[in-house]
2 protein chains.
Amino acid sequence: MTGTGGDVLAKTRRFSRPRELVRATLDDSDVFLTAQGVHDRLRASGERVGLSTVYRNLQLLADDGEVDVLRSEGGEALYRACGDRHHHHLICRRCGLAVEVSGPGVERWAARIAEENGFVDVTHSIELFGLCASCAAASA
Amino acid sequence: MTGTGGDVLAKTRRFSRPRELVRATLDDSDVFLTAQGVHDRLRASGERVGLSTVYRNLQLLADDGEVDVLRSEGGEALYRACGDRHHHHLICRRCGLAVEVSGPGVERWAARIAEENGFVDVTHSIELFGLCASCAAASA
DNA sequence: TTGCATAACGATAACCATCGTCATTAGCAT
DNA sequence: ATGCTAATGACGATGGTTATCGTTATGCAA
């Protein structure tokens with residue numbers, strides 16, 4: 001039988017300049033970006049990449065685990081390049097600044113809760129939204 | 001002068017049958033519902049309430065702290081009646097079954113992380129998504 | 001290097017959740 | 001009852017995201 005859950009489907013992935021641009025845009029940013037945001041940055045730097053292409057590649061990169069995806073409080077998808085180790089974020093809801101945080105204890109807590117309730121294939125969304133120091137100062 | 005920030009604005013809130021129906025629908029459900037879901041249930045029970053009205057009241061109830069709102073992995077808003085004490089959820093991504101869970105340790109962790117990074121006005125979104133026992137069995 | 005199969009592109013239309021508009025209806029205080 | 005206005009609900013507008021599809025271009029092999 002196939003392994004549990006989706007994984008090594010060995011999809012052929014061809015090189016493409018647009019994808020590299022999207023990846024680079026995320027790499028160059030220290031904040032979470034929306035698809036539109038990535039598109040805007042590309043346009044601002046003189047690159048013309050279709051919006052569809054940005055969405056498509058953002059999804060591909062997410063599927064490949066190269067970028068983190070999370071939902072803003074408003075429900076939009078936010079993307080960011082990230083290391084491969086598991087972590088969560090503390091995000092400024094004003095400027096988007098994201099700080100990677102980790103909490104081994106939290107991971108264990110989540111796993112235990114899931115198990116105690118008979119849930120399987122559990123993922124968790126643990127994100128903290130607030131105002132970073134500079135934004136808090138700016139709005140004082 | 002008016003108080004700082006939004007809280008006791010003492011907004012006049014008039015009774016309305018549609019709002020009671022929305023509230024009742026959430027009260028009768030043990031799963032998180034989308035606005036559409038609430039609307040569908042109302043229609044199924046023979047009640048005719050405008051979709052706009054459902055959205056509007058869901059928002060009002062959320063503002064009043066009578067219902068929990070969270071985002072599904074797909075970005076849709078999910079609503080559920082809830083107690084007033086702070087808690088999180090373990091949600092079945094198939095059937096929507098939601099188990100309220102709590103983690104004092106997690107709360108402290110979140111608060112500490114926020115403080116260490118100079119963030120203020122921090123809220124956290126901590127939700128676990130998985131497959132409940134029955135749904136897992138059903139898809140085996 | 002040339003060809004081919006097809007991944008990827010990108011402009012556009014389709015989708016869908018959610019919100020805004022506005023004329024009509026209906027709580028509720030006097 | 002009467003008036004003020006919150007609330008309704010049909011409908012159109014918005015905005016993020018996805019699907020469509022003809023065109024372009026990558027990667028492999030002859």
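Throughout, protein chains are lettered first and strands after them, A, B, ... in sequence-line order, and every chain is numbered starting at 1.
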Study note, to complete from the structure: So the salt bridge (Lys or Arg N to Asp or Glu O under 4.0 Å) pairs with at least one residue in residues 123-136 of chain A (sequence neighbours excluded) are none
Review point. Tell me, which pairs form a salt bridge (Lys or Arg N to Asp or Glu O under 4.0 Å) where one or both residues lie in residues 39-58 of chain B, sequence neighbours left out?
Key: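 Only R17(B)-E47(B) qualify under salt bridge (Lys or Arg N to Asp or Glu O under 4.0 Å).
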Point to revise | Phosphate-side-chain proximity, T12(B) and dA6(D), N/O vs OP1/OP2 below 4.0 Å | key: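 Checking dA6(D) against T12(B), no side-chain N or O comes under 4.0 Å of OP1 or OP2.
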Value in whole Å for how far the [atom2] atom of [N] lies from [atom1] of [X]:
| X | N | atom1 | atom2 | value |
| --- | --- | --- | --- | --- |
| D63(B) | dC19(C) | CG | P | 11 Å |
| R19(B) | dC28(C) | CZ | P | 10 Å |
| D40(B) | dC16(C) | CG | P | 13 Å |
| D64(B) | dA7(D) | CG | P | 10 Å |
| L58(A) | dG10(C) | CG | P | 14 Å |
| R48(A) | dA8(C) | CZ | C1' | 18 Å |
| N57(A) | dA7(C) | CG | C1' | 11 Å |
| E47(A) | dG10(C) | CD | P | 10 Å |

Practice item. To the nearest 10°, let me know how far the axis at one end of the helix from dT1(C)-dA30(D) to dT30(C)-dA1(D) is tilted from the axis at the other, five pairs an end. Key: 30°
Exercise for review: Taking all non-hydrogen atoms of both residues into account, name the closest pair between Y79(A) and V69(A) and its distance.
Suggested key: CE2-CG1, 3.7 Å
Check your understanding: Would a 4.5 Å heavy-atom cut-off, applied to side chains only, mark V54(A) and L42(A) as touching?
Key -> yes
**Study point:** Contact letters for nucleotides 17-28 of chain D, in which S counts primed atoms plus P, OP1 and OP2 and B counts the base, heavy atoms under 4.0 Å
**Key:** BBB-----BBS-
Practice item. Could you pull out all residues at least two apart from H39(A) that satisfy ring-ring contact (aromatic ring centres under 6.0 Å, His included)? Key: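 Scan of H39(A) (ring-ring contact (aromatic ring centres under 6.0 Å, His included), adjacent residues dropped) gives none.
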**Study point:** F32(A) six-ring face occupied by R80(A) cation (under 6.0 Å, within 45°)
**Key:** yes
Practice item. Using the test salt bridge (charged side-chain N to carboxylate O under 4.0 Å, His left out), find all partners of D28(B) that sit at least two apart in sequence or belong to another chain. Key: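 For D28(B) there are no salt bridge (charged side-chain N to carboxylate O under 4.0 Å, His left out) partners, ignoring immediate neighbours.
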Exercise for review: Determine whether the aromatic ring centres of H88(B) and H124(A) lie less than 6.0 Å apart.
Suggested key: no
Practice item. Could you verify whether a donor N or O on one side chain and an acceptor N or O on the other, from T123(A) and E73(B), lie under 3.5 Å apart? Key: yes
